[in-house]
Structures are given as structure tokens and as C-alpha cells.
Amino acid sequence: MTIPESIASFTFSPLSKFKANSSIISLRNPLSFFGLRTGICLLQTVLAPFHSTSSSNCQSQRNHPRSMFEKITNLDDALILFDEMAQRQPPSSVLKFNQLLQAVTKMKHFASSVELFKQMNALCIPVDVYTMNIVINCCCKMYRTNEGFALLGNGFKHAIKPDVFTFNTLLNGLILEDKAIIAERFFKKLIKEELCDPDVIMYNTMIKGLCKCGINDKAIGLLKLMDERGCKPDVVTYNTIIDSLCKDEMVDDSLKLFKHMVLRKYIRPTVVTYNSLIRGLCNLCRWDEASKMLKEMEDERISPDVWTFNILVDALCKEGHVADAEGVIKLMIQRGNDPDVVTYTSVIDGYCLQGEMRKAREAFDSMELRGLVPDIVTYNSLLNGYCKKSRIEEAMHLFQEIVKKGLKPNVTTYSTMLQGLFLIGRCKDAYKLFNKMRSQNVIPDRFTYEIVLEGLCNNNEVDEALSLFHLMGENKLNSCTNVYNILIDGASKSRKLDIARNIFKNLIDKGLEPNVRTFTVMIGAFCLEGLMGEAKELFTEMEKRGCLPNDVTYRVILQGFIKKEEQGMIETLLKEMEEKGFSIDASTLSMLLDQIKAKSLDDSLVKLIGKVVPKGVDSLGFKS
DNA sequence: GTAGGGTTAG
């Protein structure tokens with residue numbers, strides 16, 4: 001049976017055991033929590049019977065190295081060999097040099113490869129297009145694509161004609177540096193000026209770049225262009241787009257593309273395809289469908305790999321079902337997929353999320369017992385756990401352990417630590433750490449910046465926050481609406497309305513888009529000062545601008561009017577809330593009730609309130 | 001006989 005047929009029959013077969021299970025269960029359990037449990041049960045039944053993979057026969061095909069260069073495992077040997085080859089009479093062939101250069105590149109000694117290439121030129125050792133391509137690749141991997149282009153120019157001078165490998169390597173370099181737009185221009189130029197005829201790998205590179213920048217529609221456009229130009233997309237092409245759509249939560253589009261690939265293009269999916277889809281579904285809590293996918297891949301004799309299991313473990317941990325995740329780990333071990341650092345990091349993260357630091361620590365220790373070396377991400381998870389629990393001493397200790405182990409704290413490590421320090425009000429220490437971070441050449445990112453601003457605001461240091469903000473000036477980090485939200489909120493809570501207003505104005509002037517939170521925070525600022533006229537005005541304004549108020553906005557403005565005892569406005573707002581399906585929160589409700597009890601508001605409101613009290617909450621006996 | 005592409009973790 002062909003793959004598409006079997007998938008089609010799988011989908012529609014009424015006799016499928018799995019199908020029967022899943023429909024019964026999903027009818028019975030609409031709740032996502034239960035859906036998750038269901039997912040686990042299914043997972044166990046789907047994965048339990050072990051069927052061996054067919055990877056064993058690949059090994060024996062290549063038990064001796066193709067060239068002596070594959071035996072080189074360290075840089076020093078390579079350099080010695082290079083000297084030998086350079087002095088040899090007659091000189092070694094360009095092929096031998098290329099193999100050596102590639103061996104060095106495979107060891108990720110990119111700078112050394114480039115250096116050796118320079119020496120070859122200095123020693124007048126001939127080079128060819130292979131040499132050039134290897135070295136351009138090294139430049140690109142070091143994020144120095146410019147130098148790669150310079151080498152291309154140099155090649156022209158020496159009559160070395162670039163080929164599709166050269167151009168693809170450069171294209172890939174641009175994409176590594178997040179320069180997808182430049183890459184696209186370059187790509188189009190190559191086609192238009194017929195400098196090379198892109199093959200499937202080149203299209204895939206370009207598609208990857210577009211996806212990386214979130215331009216999915218252009219990526220799909222390229223997929224169509226390939227078809228038109230007679231270049232057959234392969235499974236990598238589809239995997240790239242399928243994954244990108246899943247990451248952007250467009251799983252349904254992704255599934256459509258998946259079906260198109262299988263049923264129309266007859267391309268067999270790989271474990272990577274399934275991993276992307278399963279992750280996409282898990283992220284949206286569509287557990288039943290994720291289980292279905294698992295079953296489907298098993299039916300297709302595509303075995304789940306460590307990645308697949310890690311996706312499941314991570315999803316379970318994020319949902320707080322760490323015990324179930326541990327079950328999956330047992331299962332993966334049974335099936336011969338050894339858990340790795342990523343697996344354990346998810347578990348540690350899961351326990352930290354639950355605030356179960358003892359268990360998190362146990363998981364950490366047990367991974368070390370299994371001979372797995374925790375990496376910086378593992379440490380960051382544990383660090384985050386301690387910080388969130390305000391256990392700063394343990395966090396600091398862990399921070400020191402990271403350094404002692406020879407790991408380099410990254411931007412996340414510092415940001416996490418900063419958040420912890422601000423949380424317990426140790427601003428001075430936080431600032432010290434912030435400076436230390438920069439002295440270690442760790443560049444603060446958007447998250448760091450927001451943590452610092454918010455930390456300062458929450459600790460009555462709005463002026464400090466503002467001076468940092470001004471210090472940043474026209475920085476890219478200051479082009480993020482969230483930064484403005486934090487500052488407006490901070491200024492407002494410190495009763496500096498004029499400053500809050502200015503920041504808001506500044507945001508609009510800059511052409512940045514205020515979001516619901518911006519408006520809500522600004523409305524809150526007016527409410528705090530009792531300026532209900534301005535609050536109301538902005539409330540109307542936001543709707544006009546197409547930014548719909550959410551439940552928080554209503555809560556904020558309602559509280560403002562309650563304090564002012566404005567019966568009419570309260571009525572209007574409650575009615576609007578009812579129409580929009582928003583419900584009232586506990587604290588606003590009790591404010592309202594207090595005022596009614598004190599007779600400063602009329603009890604005719606009670607009927608309206610009853611309509612916005614969340615279901616399941618007893619309306620506390622005030623039926624009118 | 002040598003060179004280029006795809007999936008996890010704040």
C-alpha cells in the first residue's frame with residue numbers, strides 16, 4: 001500500500017482500534033485537563049509495543065574512513081599535517097588540501113580554516129572552487145558573511161567561477177545573520193541575471209530564511225515558484241514550512257500543507273515532520289490530535305526519536321503533569337531512546353514551575369548520576385525556580401557553581417538572577433549584577449531590559465528607570481511598546497501623572513502601536529488621580545483606534561467610577577461588560593457591594609451585577 | 001574520491 005493511501009485509510013477506517021478509543025474519550029472528556037490525561041493513556045497504548053527500528057544496517061556500510069583526513073580528531077594534528085603537505089615535493093594535490101581544510105572545518109575550527117587558506121595563498125599553493133566554498137562556509141559560520149563575499153570577489157580575480165554551492169553557502173550565511181530581506185534580494189538577482197539555477201537545497205535555504213523571520217506567506221510563495229520553475233520540493237522543503245507554521249500556532253494550515261505533501265505530492269513524511277506537528281498540537285493543548293499523530297507515525301513505521309519524546313515530556317511538564325512525564329521517560333528508556341540533557345531540563349523546569357524545588361533538585365542530581373552533564377539551560381531552569389521562590393541565597397550559590405563548572409552565564413542566567421534580586425527588593429545588588437553582566441560582554445536583551453525597568457519601578461525607583469530609559473535613547477530596545485507600558489505604570493503608581501502622560505505621548509509620536517495594556521495602564525493612571533473625564537475619553541479613543549478593551553480595562557475604569565460613586569457610568573459599563581461576556585473580579589465586586597451597603601450607590605445596580613458575576617460563584621444572597 | 005539545506009529548552 002502506498003503511503004498516501006495508507007494514511008487516507010487510516011483516517012477513515014472505522015475499524016481502527018485507536019479511532020474508536022479516541023472518539024469515545026473525546027466525547028466523554030471535553031476538558032483540556034482530561035484531554036491531557038487521555039493523551040497520556042493513548043500515548044501508552046500507542047507506544048507500548050516496541051518495534052525495532054531498521055537503523056542497524058546503516059552502521060556497517062562505512063566502518064573505515066573514506067580518507068585519512070577523517071582520522072584527524074584534533075587541530076594540532078591537522079596543522080602539523082598541513083605543514084608537511086605544504087613542504088612535500090612534489091606538492092600535495094589541491095584535493096588533499098581541500099580534504100584537510102574540510103576536516104578542520106568539521107571540527108568547527110573555522111578561523112583556523114581561514115588562516116590555512118591564507119597560508120596556501122601566501123605559499124602559492126593552487127586553490128579551486130572547492131577550496132573557496134569551504135572557506136566561504138567558514139566565514140559564514142563565524143557570522144562574517146561579508147568576508148565570504150569578499151572571498152567570492154577574490155575568486156573572480158583568480159578566475160575561480162562560483163557555482164550553486166558557493167551561492168547557497170553565502171545565502172545561508174546571510175540567513176544565519178538574520179538578513180533574510182538582503183538574502184531574498186540576492187536570491188532574486190541570482191535568478192534574474194542567470195548567475196545560477198537554484199536547486200532544491202538553495203530554495204530550502206531561502207525558505208528557511210523567510211520562515212525564520214516569520215514571513216510564512218513568502219515562503220509558501222517560493223514553494224509555488226519552485227513548482228513553476230520545475231524544481232521539485234523535497235521533504236525538507238515541506239518540513240521547514242510545516243514547522244514554521246506550527247511555531248506561529250497556525251497548526252491547521254500546517255496540517256493542510258502536510259496533507260498536500262503526502263496525498264498530492266506523494267512525499268513521505270519523516271520523524272521531523274511528525275515532531276513539528278506533534279509539538280504544534282501540544283502547544284495548543286490539542287492532545288487528542290497529538291496522540292493521533294503519534295499513532296499515525298507508528299503505523300507508518302516511523303519510529304519516534306528522542307526529540308519526539310522530549311516534546312511530549314516538555315508538554316506534560318508545562319501542564320504540571322511532571323509525574324506523567326516521568327512515566328514517558330521510563331517508556332522512552334524501554335524503547336531504547338536514552339533521555340538526554342533536554343529531557344531532564346524539561347523535568348526540572350516542570351518541578352520549578354510547581355514550586356517543588358526539592359524534586360527539581362532531585363531531578364538535577366539524578367541526571368548527573370546518569371552521567372549527563374547539565375548545560376547552561378539546565379542551570380537556568382533551576383536558577384529560575386529558586387529566584388521565583390525568593391530563595392536568593394541558593395540562587396546565588398548556583399550562580400557561582402555555574403562559573404566554577406566552567407560554564408558561561410548567558411543573558412538568561414543574568415536576567416533570571418536580576419529578576420530574583422528585584423523581587424526581594426535588592427536593587428543595589430541587582431544594579432551591580434547588571435553592570436557585571438555588561439563587563440562580561442553579555443549583551444542585555446529585551447527581557448533583561450524590561451526586568452530591570454520593571455524591577456526599578458516596583459521598588460520605588462522610577463527615576464532610576466526613567467534615566468535608564470533616556471540613556472538608551474533611540475535604541476532598538478526602546479522601540480517596544482511593552483517598555484512604555486512598564487514606565488507608564490511605574491510613573492503612575494509613583495503619582496507622577498505628567499511623566500506617565502509624556503511617555504504615552506512619546507510612544508504615539510514615535511509611531512509605535514499602543515496595545516490594550518498601554519491604554520489600560522494609562523486609563524488606570526487617570527483613575528488614580530480621579531481624572532475620570534480623561535479616563536473615559538481614552539477609553540472611547542482606544543475603541544476608535546481598533547483596540548478593544550479587555551476584562552482588565554473594564555476592571556480598572558469601573559473601579560475609578562466606583563470610587564467617584566458615578567451610578568450612571570457604572571451602569572453603562574456593567575451593561576457593556578454583560579454584552580461582551582466579561583465577568584467582574586472579586587475585588588471590584590466587593591468594592592461595589594461596600595458602596596451599595598453604605599448607600600453611596602443605589603441598589604438598583606444589584607440586578608446588573610448579577611449578570612456579570614462569573615458562573616459558579618454564588619452571588620452571595622443578593623437576589624433582588 | 002573534496003564543498004551547501006530542515007526539528008526541542010527562558
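In what follows, chains carry the letters A, B, and so on, assigned in the order in which the sequence lines appear, proteins first and then strands, with residues in each chain numbered from 1.
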Taking the side chain of [X] as heavy atoms from C-beta outward, which of [options] is closest to it?
X: A/Trp307; options: B/dT7, B/dA9, B/dT2; answer: B/dT7
X: A/Val377; options: B/dT2, B/dA9, B/dT7; answer: B/dA9
X: A/Asp199; options: B/dT7, B/dA3, B/dG4; answer: B/dG4
X: A/Leu95; options: B/dT2, B/dA3, B/dA9; answer: B/dT2
X: A/Lys318; options: B/dT7, B/dA9, B/dA3; answer: B/dA9
X: A/Lys96; options: B/dG1, B/dA9, B/dG4; answer: B/dG1

Please work out if [X] contacts a base, only the sugar-phosphate, or nothing of the nucleic acid, heavy-atom cut-off 4.0 Å.
X: A/Lys141; result: sugar-phosphate
X: A/Ser346; result: nothing
X: A/Asp375; result: base
X: A/Val271; result: nothing
X: A/Thr270; result: base
X: A/Asp243; result: sugar-phosphate
X: A/Ile311; result: nothing
X: A/Val164; result: base
X: A/Lys212; result: nothing

Practice item. May I ask you to evaluate whether A/Gln102 reaches the phosphate of B/dG1, defined as a side-chain N or O under 4.0 Å from OP1 or OP2? Key: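 Answer is no, no contact under 4.0 Å.
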
[X] [atom1] to [N] [atom2]: how many Å, rounded?
X: A/Asn337; N: B/dT7; atom1: CG; atom2: P; answer: 20 Å
X: A/Phe117; N: B/dT2; atom1: CZ; atom2: C1'; answer: 15 Å
X: A/Leu353; N: B/dA9; atom1: CG; atom2: P; answer: 15 Å
X: A/Phe110; N: B/dA3; atom1: CZ; atom2: C1'; answer: 14 Å
X: A/Asn172; N: B/dG4; atom1: CG; atom2: P; answer: 10 Å
X: A/Asp128; N: B/dA3; atom1: CG; atom2: P; answer: 12 Å
X: A/Phe309; N: B/dT7; atom1: CZ; atom2: P; answer: 21 Å
X: A/Asn275; N: B/dA9; atom1: CG; atom2: P; answer: 12 Å

Practice item. Check whether any side-chain N or O of A/Thr308 sits under 3.5 Å from a backbone N or O of A/Asn275 as a donor-acceptor pair, and report yes or no. Key: no

**Study point:** Heavy-atom donor-acceptor pair, A/Lys218 side chain to A/Leu210 backbone, under 3.5 Å
**Key:** no

Practice item. Check whether the ring centres of A/Phe117 and A/Phe97 lie less than 6.0 Å apart, and answer yes or no. Key: no

**Study point:** Test of ring centre spacing under 6.0 Å for A/Phe364 and A/Tyr379
**Key:** yes

**Study point:** Of A/Val341, A/Val342, A/Asn380, the residue whose pairing with A/Asp375 passes side chain to side chain contact (heavy atoms under 4.5 Å, CB included)
**Key:** A/Val341

Point to revise | NZ or CZ of A/Arg268 within 45° of A/Tyr266 ring axis and under 6.0 Å | key: no

